[in-house]
J.: 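The following block contains the structure, expressed as structure tokens.
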Protein chains: 2
Amino acid sequence: MAVTLKDIARACEVDVATASRSLNGAYGVRAETRQRILDAARRLQYRPNRIARGLVTGRSRTLAMVVGDIRNPFYAELARGVEDAAYRAGYELVLCNCDLSSDRQMHYIHSLLEKRVDGILLSAVARLNSAEQLELSRSDAPIVLLNRPPGGARGYSTVLADNYRGGWLAGETLAGLGHRKILLLAGPRDNGNLAARETGFLKALQARSGGAAPLILRAQHNSEGARHALAEYLHARAQRRRLPAAPPRGAFTALFAVNDAMAIGATRAIFEAGLNVPLDISVIGFDDIEFSGMLRPPLTTIHQPKYEMGRAAVEILLRHVGKPAGWMPEHRTMEVRLVMRESCRALRA
Amino acid sequence: MAVTLKDIARACEVDVATASRSLNGAYGVRAETRQRILDAARRLQYRPNRIARGLVTGRSRTLAMVVGDIRNPFYAELARGVEDAAYRAGYELVLCNCDLSSDRQMHYIHSLLEKRVDGILLSAVARLNSAEQLELSRSDAPIVLLNRPPGGARGYSTVLADNYRGGWLAGETLAGLGHRKILLLAGPRDNGNLAARETGFLKALQARSGGAAPLILRAQHNSEGARHALAEYLHARAQRRRLPAAPPRGAFTALFAVNDAMAIGATRAIFEAGLNVPLDISVIGFDDIEFSGMLRPPLTTIHQPKYEMGRAAVEILLRHVGKPAGWMPEHRTMEVRLVMRESCRALRA
DNA sequence: ACAAGTCTTGCAAACGTTTGCAAAGGTATA
DNA sequence: TATACCTTTGCAAACGTTTGCAAGACTTGT
């Protein structure tokens, strides 16, 4: 059995109230008494029961983050930012993987509310239906959407990278290097972030005089999906031209993948087709996950400040904690920047 | 204010006890009454307060995992295994990053004990001093060491990959391919797992007749550390031979890095020195993190069943939950296997 | 119709804290 | 010496559940 306040009160021949006061605020208890109690607490290895405390205070000093898949390095980095910020503020973090399943996401949210966490960071991908949204909105824990476009659920605070600008940057870069025949390796249409990158990219190409509309290839937003889709595309093209052996050089000279995982898969497909990056095809990605720099060739990409995004989300969340539901949603969009590495080359005009 | 049991009891004109019983076990309450209560609960959006429940039951249905750095894909995969297993058993997971800091690790462990989590999975790297060990040992939450050699702390259950065997396998593989001049890219000496891989590897080379002792190079156990150390080594060697321009071909034909991150860093160093993998140097790693297969060339490595290790740890942990401290520590070592990809080639004799 | 049993329900204690309130005790001021 | 004030301490309620116990209602068997 664990040692409780009562035990140490008995040992010191005081009331539990005095013991409690000594261990928390120092106010209103004689220094000598207080010291006696502190000593006893240490001696008996007293460990306050946070559950009991939480019951009376109504606070758990715990934040929760619901995430699609922690194996995704992007989320892992985000989670680190969140964790560090929470830790520094004296909060703990509960991490939940909902595995892209909407059921599981809702299950977790329920649990978290039952546990009375002080706030929730939502960065999973599954969309909420309207019943779920209603349910969320009347929960009293503040919620911040992290890396989720606000489209689905109004009324929440959001932290988001400037996906549109990033896509635009990618387009500018490729066009600036002289590329005209470009492939856009896009993700599923219903992913808001990816879609924003896409439109930014297209806008940039349009803005360039003479920028022809790019080819668009849609794939799952992971390495394997991108690799598969691009391989198939290259293969089909080779066949159409009755060049089964020779690689289909020249159809496009550059490629923008809407995230790094896809860029990596695409790079593989390109090499497997006997082509070279960046000699035959320049590749640019999005995210700047840690591995991008370790690839051969190192991947040129759009950097998202993942860690800082996590931090910012916690700041906003903490500002809402304890406030009555009269919050004003805050929206923060974080700047992105180009990281030029070696997977893109300039085309001589 | 949240709606409580009392509210729904009042609404149905029953006692809170009946309400509680209806919502939990169905036993001992008339079906009609029960239904009335269930309806009211739904209507009022009742959400049981787990804190209160935890206080009386003494269980939180929460497991905790303390991890060095979740950005490390190895830990992320481990965490997924843990999470899934916990979820399936009806538990939640609290993930804590201690960032390789011993202080922070201890801080988290304290918090977790105060929160009365039902069990703790420890897979952080920081060593515990004896005071900390004592403290842990008298806590009443069961603890399982995950991917930590039992050396430091006896008395705990452990789940571990067969590091020795994996090292041995790597040695066998390289020797079997005809390599004789081999470099061992080792990690810090005080890391038990890495050390076991090292000795396994050396034993395998010794066992081979004519297996010369390998060169040993020690580095930090991450990409950058390995890259730096190897680059320096290759450079120094080139200078010694007064071949500043020409790469130092032939000093060794194969290399074993004790984890994949290091193997990746090493591969980079090799290419940067103008050499080729696997033509000039064969590379073999350890872990089989997801990215290994996406590298160019895809990395030959020793596979650890990370996900399953997480699962196994939870199984053991759950078996101890609720048991009086009369546990018998269980030790589970998981099998590793060789994943042959393209970073190793056979030497023609 | 009565005893014995079963089913349903309520009462109240317990879990380990925090905290408002009031009762002491002490000290300074008049 | 009496008054007022401040400091230190204890009492007890509260947080929202679960659960042992007992009382009442109902059923069954004789």
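Residue numbers start from 1 in every chain, and the chains themselves are labelled A, B, ... in the order their sequence lines are given, proteins ahead of strands.
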J.: Angle between the end axes of the helix from C:dA1-D:dT30 to C:dA30-D:dT1, five pairs per end, to the nearest 10 degrees?
T.: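 The angle separating the two end axes equals 50°.
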
J.: Mind checking what makes side-chain hydrogen bond (donor to acceptor under 3.5 Å, both in side chains) contact with B:S20, not counting sequence neighbours?
T.: none

J.: Respond yes when some side-chain nitrogen or oxygen of B:T57 is under 4.0 Å from OP1 or OP2 of D:dT18, and no when none is.
T.: no

J.: Give every residue pair that meets the salt bridge (Lys or Arg N to Asp or Glu O under 4.0 Å) criterion with at least one member in residues 53-65 of chain A, sequence neighbours excluded.
T.: none

J.: When you match A:R36 and B:A52 each to their closest nucleotide on DNA chain D, which lands nearer the 5' end?
T.: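 Its nucleotide being nearer the 5' end, the pick is A:R36.
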
J.: Under 3.5 Å, which N/O atoms of the protein pair with N/O atoms of nucleotides 6-8 of chain D?
T.:
none

J.: Separation of B:E114 atom CD from C:dT18 atom P, in whole Å?
T.: 11 Å

J.: Can you name the side-chain hydrogen bond (donor to acceptor under 3.5 Å, both in side chains) partners of B:E308, sequence neighbours left out?
T.: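 With neighbours one apart ignored, the set is empty.
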
J.: What residues, two or more places apart in sequence or in another chain, satisfy side-chain contact (heavy atoms from CB on, under 4.5 Å) together with B:E114?
T.: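 Here the qualifying residues are A:R47, A:P48, A:R50.
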
J.: In whole angstrom, what separates A:R116's CZ from D:dG16's C1'?
T.: 9 Å

J.: Taking side-chain hydrogen bond (donor to acceptor under 3.5 Å, both in side chains) as the test, write out the residues that go with B:N97, two or more places apart.
T.: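 Partners of B:N97 under the side-chain hydrogen bond (donor to acceptor under 3.5 Å, both in side chains) test: none.
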
J.: Please table the atom pairs, donor to acceptor, closer than 3.5 Å between any side-chain atom in residues 2-16 of chain B and protein atoms at least two apart or in another chain.
T.:
| residue | atom | partner | partner atom | Å |
| --- | --- | --- | --- | --- |
| B:T4 | OG1 | B:K6 | N | 3.1 |
| B:D7 | OD2 | B:T4 | N | 2.8 |
| B:D15 | OD2 | B:A17 | N | 2.8 |

J.: B:K6 has an atom NZ; how far is it from atom C1' of C:dG10, in whole Å?
T.: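 Interatomic distance, NZ of B:K6 to C1' of C:dG10: 15 Å.
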
J.: In whole angstroms, how far is the C1' atom of D:dT18 from the CD1 atom of A:I51?
T.: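 My rounded result for the distance is 14 Å.
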
J.: Would you mind reading off the distance between B:L5 atom CG and D:dC15 atom P, rounded to a whole angstrom?
T.: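 Rounded to whole Å, this separation is 13 Å.
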
J.: Let's see if you can work this out: which of D:dT17, C:dG10, D:dT18 has an atom nearest to the side-chain heavy atoms of B:V14?
T.: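 Comparing D:dT17, C:dG10, D:dT18 against the side chain of B:V14, the answer is C:dG10.
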
J.: List every contact pair, protein side and nucleotides 11-14 of chain D side both N or O, where the distance is under 3.5 Å.
T.:
| residue | atom | partner | partner atom | Å |
| --- | --- | --- | --- | --- |
| D:dC11 | OP2 | A:D15 | OD1 | 3.2 |

J.: Tell me the interatomic distance from B:R53, atom CZ, to D:dT17, atom C1', rounded to whole angstroms.
T.: 8 Å

J.: Of all heavy-atom pairs between B:D118 and B:G58, which one has the smallest distance, and what is that distance?
T.: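 Nearest pair, atom of B:D118 first, then B:G58: OD1-O, 4.5 Å.
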
J.: Please report, rounded to the nearest Å, how far the C1' atom of C:dG26 is from the CD atom of A:E32.
T.: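 For the pair A:E32 CD and C:dG26 C1', the rounded distance is 16 Å.
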
J.: Please enumerate all residues that pass ring pair (Phe, Tyr, Trp, His ring centres under 6.0 Å) together with B:Y87, with sequence neighbours excluded.
T.: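 With neighbours one apart ignored, the set is A:H107, A:Y108.
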
J.: Any salt bridge (Lys or Arg N to Asp or Glu O under 4.0 Å) involving residues 65-78 of chain B? Give me the pairs, sequence neighbours left out, ordered by first then second residue.
T.: A:R71-B:E77, A:E77-B:R71, A:R80-B:D69, B:D69-B:R71

J.: Quickly work out the A:D7 CG to C:dG16 P distance and round it to whole Å.
T.: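 About 9 Å, once rounded to whole Å.
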
J.: Check whether any side-chain N or O of B:N49 sits under 4.0 Å from OP1 or OP2 of D:dC15, and answer yes or no.
T.: no

J.: Looking at every heavy atom in both B:Y156 and B:L145, which two are closest together, and how far apart are they?
T.: CB-CD2, 3.9 Å

J.: Considering all heavy atoms of both residues, which atom of B:L93 and which atom of B:M65 are nearest to each other, and what is their separation?
T.: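 Here B:L93 and B:M65 meet closest at CD2-N, 3.8 Å.
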
J.: Quick one: side-chain contact (heavy atoms from CB on, under 4.5 Å) partners of B:R88, sequence neighbours excluded?
T.: B:D84, B:Y307, B:R311

